[in-house]
**Student:** 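Starting off with a structure, shown below.
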Amino acid sequence: MNKPLTPNDYSAWPDETGRFGDFGGRYVAETLMPLVLELGKAYAAAKADPAFQAELKNLQVHYAGRPSPLYFAERLTAHLGGAKIYFKREELNHTGSHKINNALGQILLARRMGKTRIIAETGAGQHGVATATVCARFGLPGHVYMGATDVERQKPNVFRMNLLGTEVIPVTSGTATLKDAMNEALRDWVTNVHDTYYLIGTAAGPHPYPVMVRDFQSVIGIETRQQILEMEGRLPDATVACIGGGSNAIGMFHPFLEDESVRLIGVEAAGHGLVSGLHAASLTGGRPGVLHGNKTYLLQDAEGQIKDAHSISAGLDYPGVGPEHSFLHDTGRAQYLSATDDEALAAFQLCAELEGIIPALETAHAMARLPDIAKDVGKDGIVVLLLSGRGDKDIFSVAEHLGRKI
Amino acid sequence: MASRIATRFANLKAQGRSAFVAYIMAGDPDFDTTLEILKGLPAAGADIIELGFPFSDPMADGPAIQFAAQRALKGGMTLSGTLDLVARFRTMDRETPIVLMGYLNPILNRGFETFALDAGAAGVDGIIIVDCPPEEADPVADALEAEGISLIRLAAPTTDDARLPAVIRRTSGFVYYVSVAGVTGVKEADAGEVAPAVARIRKASGLPVVVGFGVRTPERAASVARVADGVVVGSALVEEIAAAIAQSRDPVSKVLETVASLSKAAHFVRADGPLSA
């Protein structure tokens with residue numbers, strides 16, 4: 001089953017069945033299968049339609065605030081004493097993270113398909129907020145499923161979604177986190193097949209979601225490439241991004257896949273540490289299986305039951321990962337590291353103090369590996385860190401972990 | 001040797017009856033209770049037994065079967081345990097077909113060939129894998145066919161004529177018609193809408209068509225059995241188990257009583273004759 005993968009063109013994937021090598025596919029119930037196939041056709045038509053692309057581009061510029069800046073993090077660079085560190089500032093987008101890139105693309109597709117009701121899942125609430133935002137902007141009713149545990153630890157984002165007119169539905173089934181929110185959204189979709197569009201937030205799920213979300217997020221890597229060429233006259237030696245489902249990372253990685261001189265580094269959440277078993281590192285601590293419509297690396301027990309993920313960051317607290325990352329992991333084109341809760345907290349504080357930027361806890365995981373990467377790449381090198389989101393939403397949970405009252 | 005499923009439908013056809021299919025979750029709440037229920041099901045009127053194997057993330061199931069899976073996992077049920085139940089049942093009953101129902105990952109985890117060998121040895125007749133559409137089914141279908149186990153396909157209200165041939169390709173035993181767009185045990189099936197769908201699938205597949213996902217009461221079971229070759233009741237039985245546990249009563253007798261009244265309603269409504277158009 002695990003045939004060796006020898007791709008000569010990394011960016012040619014997926015194939016027409018939605019496979020990245022052995023990963024991906026369309027593992028959904030028969031009731032949803034016709035909808036998934038229809039979505040694939042609708043997305044292919046939209047992608048090829050210049051009017052669709054022009055409308056998306058217009059919204060990216062005037063509504064989301066693209067392009068996002070590429071910023072030389074001078075003090076952090078000096079502090080680490082290695083490669084030059086740049087930040088790709090996705091936290092400056094409207095709604096404060098990269099999630100708006102995908103939400104805008106998919107809401108245009110939903111409207112084009114004549115769908116009148118939007119559902120989504122969310123973990124940290126960043127995708128939920130982005131979805132609620134585009135629902136408000138396009139006048140479509142939104143319903144966001146969110147694990148009851150996450151509703152509790154991400155209250156500001158819950159309130160934000162409510163302000164935007166979206167209903168947040170707390171999910172108490174299973175373990176009441178992101179995976180259960182995704183189960184519940186799939187149950188909603190299978191029940192409301194005629195009018196509902198499922199706006200998945202990460203580059204996972206049944207085909208075409210992984211490729212569609214990647215395409216909408218690839219604006220990150222495309223801009224970065226152009227900006228670094230303008231600023232440095234060459235490509236970076238490495239790009240670094242955090243990995244939950246991995247939509248921000250794949251958006252950065254994909255436009256660099258064929259530039260083999262550019263190291264692509266993803267950082268997963270190691271929670272209390274990989275050996276503790278309490279983590280969210282599907283690639284470094286899991287193995288392939290099928291969940292939520294795709295074959296990919298999963299956290300699972302010896303019987304193939306899905307294990308709970310653990311991370312201080314609600315956005316990384318997912319026991320799977322997008323199938324293209326599984327493919328890049330197995331082929332070795334990208335490298336996947338991990339950072340613990342404590343390491344992420346330290347990096348969170350360091351970034352705030354040195355650069356005047358409070359990053360999302362998700363992003364802080366990628367930052368936590370920067371000292372090693374900057375040293376490894378060396379003084380003449382260039383590293384681009386994808387600053388995927390702002391950390392205002394996290395200040396309450398960070399304060400709690402630091403034992404401070406606010 | 002004709003398969004147990006084909007033999008069972010042939011016998012029912014000769015009697016002018018539809019099949020009553022009873023679904024329970026393996027290990028809900030423990031191995032011994034499930035074995036006792038299994039033993040009693042044929043006498044209570046179950047023509048075919050659908051035995052769920054638990055998965056942590058049952059995306060197509062409503063609350064009743066979600067909770068049943070959680071109880072089973074908490075009680076330590078595994079795929080091996082599910083096959084042990086079948087093997088134990090087979091020492092007592094060589095005729096009643098058993099169809100497993102669940103999700104792909106536990107099977108993928110075991111390896112398709114190993115699973116098919118073990119399932120065949122235990123006496124499993126068929127399997128329904130909810131999250132494995134025909135587009136993804138060839139590897140597991142190869143393994144199951146080699147052991148003579150039917151891969152039972154699901155057809156849904158969203159499965160149109162253009163798609164139907166792909167859905168019933170490589171299927172045997174029967175076709176399972178998901179009578180409502182939704183999860184198990186929530187919406188109610190409408191026999192008026194079910195009848196044309198059943199006729200369409202029966203014609204395309206040449207196989208018996210069994211209807212499930214929206215049947216809870218004897219009345220509904222009777223109206224569906226009138227138009228289909230079989231009717232499945234699952235969530236309503238599983239809820240009886242949950243209620244018996246909550247009241248500290250014996251789930252076995254409660255479930256078997258319910259099966260008896262449902263199967264009585266489903267049987268003897270088809271004096272009209274032929275099961276295949």
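Source: prediction; values computed, not measured. Quick note on labels: first sequence line is chain A, next is B, and so on, each numbered from 1.
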**Student:** If I measure from the heavy atoms of chain A, does B/L154 come under 4.5 Å with its side chain, its backbone, both, or neither?
**Tutor:** both
**Student:** Using a 4.5 angstrom heavy-atom cutoff, name the option from B/D160, B/V186, B/V180, B/T159 with the most pairs to chain A.
**Tutor:** B/T159
**Student:** Taking everything shown except B/R170 itself, do over 12 heavy atoms lie less than 6.0 Å from its CZ?
**Tutor:** yes
**Student:** Do the side chains of B/R163 and A/P34 get nearer than 4.5 Å, heavy atoms only?
**Tutor:** yes
**Student:** Please list, in residue-number order, every residue in residues 110-125 of chain A that has a heavy atom less than 4.5 Å from any heavy atom of chain B; write 'none' if there are none.
**Tutor:** none
**Student:** I'd like to check A/L37 versus B/E135 (side-chain heavy atoms, cut-off strictly below 4.5 Å). Are they in contact?
**Tutor:** yes
**Student:** With a 4.0 Å cut-off, would you call A/K295 and B/E136 a salt bridge?
**Tutor:** no
**Student:** As an exercise, state the distance from CG of B/L108 to OH of A/Y27, rounded to the nearest 0.5 Å.
**Tutor:** 7.0 Å
**Student:** If you count heavy-atom pairs under 4.5 Å between each of B/A137, B/P58, B/A162 and chain A, which one has the most?
**Tutor:** B/P58
**Student:** So, the side chain of A/E30 versus the backbone of B/V178: is there a donor-acceptor pair under 3.5 Å, distance only?
**Tutor:** no
**Student:** Report yes if some heavy atom in the side chain of B/F55 is under 4.5 Å from a heavy atom in the side chain of A/I306; otherwise report no.
**Tutor:** yes
**Student:** Hydrogens and angles aside, do A/Q300 and B/N105 bring a side-chain donor and acceptor to less than 3.5 Å of each other?
**Tutor:** yes
**Student:** Relative to chain A, which segment of B/A155 carries a heavy atom at a distance below 4.5 Å: side chain, backbone, both, or neither?
**Tutor:** backbone
**Student:** Please round to the nearest 0.5 Å and tell me the distance separating atom CE of B/M59 and atom CG of A/D180.
**Tutor:** 11.5 Å
**Student:** Once you round to the nearest 0.5 Å, how far does OG of A/S173 lie from CG of B/D57?
**Tutor:** 8.5 Å
**Student:** Which one, B/I129, B/T78, B/L79, leads in non-hydrogen pairs under 4.5 Å with chain A?
**Tutor:** B/T78
**Student:** Does any non-hydrogen side-chain atom of B/D131 lie less than 4.5 Å from one of A/V28?
**Tutor:** no
**Student:** If contact means a heavy atom pair closer than 4.5 Å, which residues of residues 187-196 of chain A contact chain B?
**Tutor:** A/R187, A/V190, A/T191, A/V193
**Student:** What distance do A/M33 atom CE and B/C132 atom SG have between them, rounded to the nearest 0.5 Å?
**Tutor:** 10.0 Å
**Student:** Give, as side chain, backbone, both or neither, the part of A/A302 having an atom under 4.5 angstrom from any heavy atom of chain B.
**Tutor:** backbone
**Student:** Looking at B/P106 and A/Q305, what are the two nearest heavy atoms and their distance?
**Tutor:** CG-NE2, 4.3 Å
**Student:** Side chain, backbone, both or neither: which part of B/I107 has an atom under 4.5 Å from a heavy atom of chain A?
**Tutor:** neither
**Student:** Report which part of B/P63 has an atom under 4.5 Å of a heavy atom belonging to chain A: side chain, backbone, both, or neither.
**Tutor:** neither
